[in-house]
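In what follows, a single structure is set out as structure tokens and then discussed.
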Amino acid sequence: MKKTDLNNVFSVSLRLFTIIKEEYYNYLSNDKKEFLDKLDVFHLFRVIKDKKLPVFSFVGETVYLNNYYKEEFLNYLPFICLAILCGKIDPLKIGLIEKELKELNDKYALGYKTIHEKELDVASVVYKAFLEDIPYPIIFIDNDADLFSYLAEEKGSKLALFYKELSDSMKVSEDYSETMDLIYDYLSNKVK
């Protein structure tokens, strides 16, 4: 990666983290607030070259950008910058992160193009059907147990269990048609 490309990664990340801090700071755990407050983007990213690893990956509070793929990392930065604050990530949470990024993109003209389209499709339906009226963006809940507890408190244990079922369903298949069938079955039974 050229030095100018890395400098672009740094400057775009600074802007993104400023936006994220403005929009979501109050929703973050104390650890994530501290992470943002002490953030040094110049030490956040590491460039690697390894065909066995994905385009980007998180290890603790470090983001590894894999130069093996010759990707334009700027395309991934909005997702990376928001996702690093979201604790344990699974396909459903990835879709919910993409949903948030879509809203940020509309508000701040980020020029972001969704990188997880299938996950966004599922998450958009889940959000509209079950999560739209909850006060806290669940992407910032660090782990499954806390997420389940929060949803059980806000929406009842039946919906919390259903969310877990959807999340588990997405973990075992990249197709998501079964997950969508579960959602539509649930919604049709709810209407009856």
Side-chain angles (χ1 to χ4, degrees), residues 4-45 54-58 61-63 65 71-143 146-147 150-151 154-155 159 163 166-167 170 176 179-180 183 187:
T4 55
D5 292 341
L6 199 53
N7 285 338
N8 284 340
V9 166
F10 295 147
S11 64
V12 170
S13 296
L14 283 170
R15 177 175 181 250
L16 290 167
F17 279 119
T18 299
I19 290 168
I20 289 167
K21 194 171 185 178
E22 184 176 313
E23 292 288 327
Y24 300 111
Y25 193 78
N26 292 335
Y27 298 114
L28 300 176
S29 67
N30 289 337
D31 289 347
K32 298 300 182 185
K33 286 178 182 177
E34 184 178 346
F35 169 77
L36 268 184
D37 291 340
K38 294 180 177 182
L39 180 65
D40 178 359
V41 294
F42 303 105
H43 292 97
L44 177 65
F45 299 98
V55 174
F56 66 88
S57 53
F58 302 104
E61 293 180 346
T62 302
V63 178
L65 304 174
E71 292 285 335
E72 179 57 58
F73 292 114
L74 294 177
N75 297 334
Y76 296 92
L77 283 180
F79 182 84
I80 289 169
C81 292
L82 187 54
I84 200 167
L85 299 169
C86 294
K88 184 178 177 212
I89 295 180
D90 59 40
L92 184 49
K93 194 182 254 191
I94 286 170
L96 293 169
I97 292 167
E98 290 284 9
K99 187 203 82 54
E100 291 294 328
L101 287 171
K102 197 171 182 148
E103 292 173 15
L104 289 178
N105 195 38
D106 293 345
K107 186 172 181 178
Y108 293 97
L110 301 176
Y112 178 67
K113 292 182 179 39
T114 302
I115 56 176
H116 301 98
E117 199 68 53
K118 292 187 298 184
E119 290 82 353
L120 173 61
D121 291 344
V122 175
S124 295
V125 174
V126 169
Y127 181 80
K128 195 88 172 133
F130 315 114
L131 305 175
E132 198 168 38
D133 61 344
I134 61 173
Y136 185 88
I138 62 171
I139 61 170
F140 298 115
I141 298 176
D142 284 338
N143 60 60
D146 291 345
L147 181 54
Y150 177 74
L151 286 176
E154 288 294 322
K155 302 293 270 181
L159 186 80
Y163 179 92
L166 295 176
S167 178
M170 290 179 75
Y176 305 144
T179 306
M180 292 302 282
I183 295 168
L187 291 173

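Here, residue 1 is the first one in the sequence, and each next residue gets the next number. Below, all heavy atoms of this structure are taken into account, side chains as well, without hydrogens, waters or symmetry copies.
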Smallest heavy-atom separation, Tyr108 atom then Arg15 atom, equals O-NH2, 3.2 Å
Closest non-hydrogen atoms of Lys93 and Asp90, given as atom of the first, atom of the second and distance, are N-OD1, 2.8 Å
Residue pair Val9, Leu65: steps toward the side-chain contact (heavy atoms from CB on, under 4.5 Å) verdict = CA-CA 10 Å; Val9 166; Leu65 304 174; 4.2 Å; yes
task = Return yes if some donor-acceptor pair links the side-chain N/O of Thr114 with the main-chain N/O of Glu117 below 3.5 Å, else return no.
result = no
**OP:** Give a yes or no on whether a salt bridge exists between Glu103 and Lys107, defined as a side-chain N under 4.0 angstrom from a carboxylate O.
**Re:** no
- Query: Using a distance-only test with no angle check, is there a side-chain donor-acceptor pair under 3.5 angstrom linking Asp37 and Tyr25?
  - Reply: yes
Closest non-hydrogen contact found for Ser13 with Val41 is CB-CG1, 4.0 Å
- Any sub-3.5 Å donor-acceptor pair from Asn143's side-chain atoms to Lys88's backbone N or O? no
| query | For the residue pair Tyr24 and Phe140, is the inter-centroid distance of their aromatic rings smaller than 6.0 Å? | reply | yes
(Q) Evaluate Tyr163 against Phe130 for ring-ring contact (aromatic ring centres under 6.0 Å, His included), listing each step before the verdict. (A) CA-CA 9 Å; Tyr163 179 92; Phe130 315 114; 8.7 Å; no
Rounded to the nearest 0.5 angstrom, the OG-CG distance for Ser167 and Leu147 is 8.0 Å
Checking side-chain contact (heavy atoms from CB on, under 4.5 Å) for the pair Asp146/Tyr150: CA distance, chi angles, key distance, verdict?
CA-CA 6 Å; Asp146 291 345; Tyr150 177 74; over 6 Å; no
Here the pair of heavy atoms bringing Pro135 nearest to Pro137 is O-CD, 4.1 Å
Distance col, row Phe17:CZ vs Ile80:CD1, nearest 0.5 angstrom, shows 9.0 Å
Exercise. Tell me, with the steps shown, if Leu16 and Leu110 meet side-chain contact (heavy atoms from CB on, under 4.5 Å).
Key: CA-CA 9 Å; Leu16 290 167; Leu110 301 176; 4.0 Å; yes
Separation between CG (Leu120) and CD (Glu100), nearest 0.5 Å, reads 11.0 Å
Next on the checklist: Can a side-chain donor-acceptor contact be found between Tyr112 and Glu98 if the only test is distance below 3.5 angstrom?
Outcome noted: yes
- Task: Show the numbers, then the answer: is there a side-chain contact (heavy atoms from CB on, under 4.5 Å) between Leu92 and Glu119?
- Result: CA-CA 6 Å; Leu92 184 49; Glu119 290 82 353; over 6 Å; no
Smallest heavy-atom separation, Ile115 atom then Tyr76 atom, equals CD1-CD2, 3.4 Å
When every non-hydrogen atom of Gly95 is compared with those of Ala123, the smallest separation belongs to C-CB, 3.2 Å
By salt bridge (Lys or Arg N to Asp or Glu O under 4.0 Å), Lys102 pairs with (sequence neighbours left out) none
message: With a 6.0 Å cut-off (strictly less than), is the heavy-atom count around OH of Tyr27, excluding the residue itself, greater than 12?
response: no
Residue pair Asn8 / Asp5, side-chain donor-acceptor N/O under 3.5 Å:
no
dist Ile138:CD1 -> Leu96:CG (nearest 0.5 Å) comes out at 5.0 Å
